[in-house]
Structure formats: structure tokens, C-alpha cells
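In what follows, a single structure is set out as C-alpha cells and then discussed.
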Amino acid sequence: MKMVVAMIRPDKLGDVKKALVEAGAPSLTVTNVSGRGSQPAKKGQWRGEEYVVDLHQKVKIECVVADTPVEDVVEAIKDGAHTGEKGDGKIFVMPVESAVQIRTGKEGPEAV
Ligand SMILES: Nc1ncnc2c1ncn2[C@@H]1O[C@H](COP(=O)(O)OP(=O)(O)OP(=O)(O)O)[C@@H](O)[C@H]1O
């Protein structure tokens, strides 16, 4: 079992969800986050004062997969989230030790 965590542009969430359904991995958790990669900081002005925004609004997606190959899930997120501009985001993959489906008590890959 693997956990795929991706930070993507908020406006790409719809495309990524669609791509995940097509890849056979529709289950996911979505969180609004802010973060920093190499995307340049933005300058703004408020009441004549200049300020710097170095944290960008992103959406974090978490998908745990068992039956679907993790490469397919990564590819789906890449396809859905790609614009080619700085700030498209990142995908991390990590192992998952155990899983439990609360309703049925199933454990392991069956619970995913
Ligand atoms: N090494 C990292 N650790 C944790 N989160 C990261 C890391 N790199 C990027 N992120 C998260 O991913 C978001 C998007 O990163 P970003 O797209 O700027 O990555 P990048 O590698 O700098 O690529 P790009 O050149 O496309 O900007 C960041 O805002 C941050 O939330």
C-alpha cells in the first residue's frame, strides 16, 4: 500500500479528480494548504505599504492505493495538474504500514 501526497494548483483540482477516477483511484482527501517551492514570491500593496507573499495557496491531495498501480495514480495527478508554469506542484509517494475500514473491520489492502 502506498500513500500519494500531491500539492497542486487549486484550480486544477477538478482535472485531477477526473484523472483519478479514470485511473481507477477515485478515493482521496483534499486540504487547502499554503506552501513554498521555487515559485517566486509575489509582491503586493496594501494602504501604500508593500508586502511580499512567499507562501502560495495550494491544494493537498492524499490518496492511499492498494490495487491500482501507484505509477498510474502519479501519472493521473501529473496529467491533471500540469500547466508547464512554475508552481504546478509536487508529488510524493510513501509506504503505508496498515489500513482499517472502520465500518467493516477489514484490514490491509482490502480496507483501502
Ligand atoms: N520539498 C518540499 N517539501 C514540502 N513541500 C513542498 C516541497 N516542494 C514543494 N512543496 C509544496 O509544493 C507546492 C508547489 O511547489 P512548486 O510547484 O513551487 O514546486 P517546485 O519544485 O518549486 O516547482 P516549480 O519549478 O514548478 O515551481 C509548494 O507551494 C509547497 O506547498
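Hydrogens, waters and symmetry mates play no part in the numbers below; they use all other heavy atoms, side chains included. Counting starts at 1 for both ligands and their atoms, following the listed order.
The protein heavy atom nearest to atom 1 (N) of ligand 1 is Lys90 NZ, 4.0 Å. The closest protein non-hydrogen atom to atom 31 (O) of ligand 1 is Gly35 CA, 3.3 Å. Here the protein heavy atom with the shortest distance to atom 2 (C) of ligand 1 is Phe92 CZ, 3.8 Å. Here the protein heavy atom with the shortest distance to atom 27 (O) of ligand 1 is Gly87 N, 2.8 Å.
Residue His56 places no heavy atom under 4.0 Å from ligand 1.
Taking any N or O of Met7, backbone or side chain, none lies under 3.5 Å from an N or O belonging to ligand 1. Between Ser38 and ligand 1, at least one pair of N/O atoms sits closer than 3.5 Å. By the 3.5 Å distance cut-off applied to N or O atoms, Lys58 is not counted among the residues near ligand 1. Taking any N or O of Ser34, backbone or side chain, none lies under 3.5 Å from an N or O belonging to ligand 1. Taking distance alone, with nitrogen or oxygen atoms compared against 3.5 Å, Gly89 approaches ligand 1 more closely than that limit.
Counted within 6.0 Å of CD on Glu110, heavy atoms from surrounding residues, nucleotides or ligands total 12 or fewer; the atom is thus considered open.
Residue contact check: Arg36 has heavy atoms under 4.0 Å from atoms 9 (C), 10 (N), 28 (C), 29 (O), 30 (C), 31 (O) of ligand 1. When each atom of ligand 1 is checked for a heavy atom of Asp88 under 4.0 Å away, the hits are 17 (O), 26 (O).
To the nearest 0.5 Å, atom CE of residue Met94 and atom CD of residue Glu62 are 8.0 Å apart.
Salt-bridge check for Asp15 with Lys18: failed, with every basic side-chain N at 4.0 Å or more from each acidic carboxylate O.
Two residues are said to be in side-chain contact when any heavy atoms from C-beta on lie closer than 4.5 Å; Val4 and Ile91 meet this criterion. At a threshold of 4.5 Å between non-hydrogen side-chain atoms, the residues Thr29 and Ile61 do not count as touching.
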Distance-only donor-acceptor pairs under 3.5 Å for side chains of residues 51-60, two or more places apart:
from	atom 1	to	atom 2	distance (Å)
Asp54	OD2	Arg36	NH1	3.0
His56	NE2	Gln39	O	3.4
His56	NE2	Pro40	O	3.0
Lys58	NZ	Gln39	OE1	3.0
Lys58	NZ	Gly87	O	2.7

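Under a hydrophobic clustering in which Ile, Leu, Val, Met, Phe, Trp and Tyr are joined whenever their side-chain heavy atoms come within less than 4.5 Å, directly or via other members, Val73 and Met3 fall into different clusters.
The shortest heavy-atom contact between Ser27 and Cys63 is O-CB, 4.0 Å.
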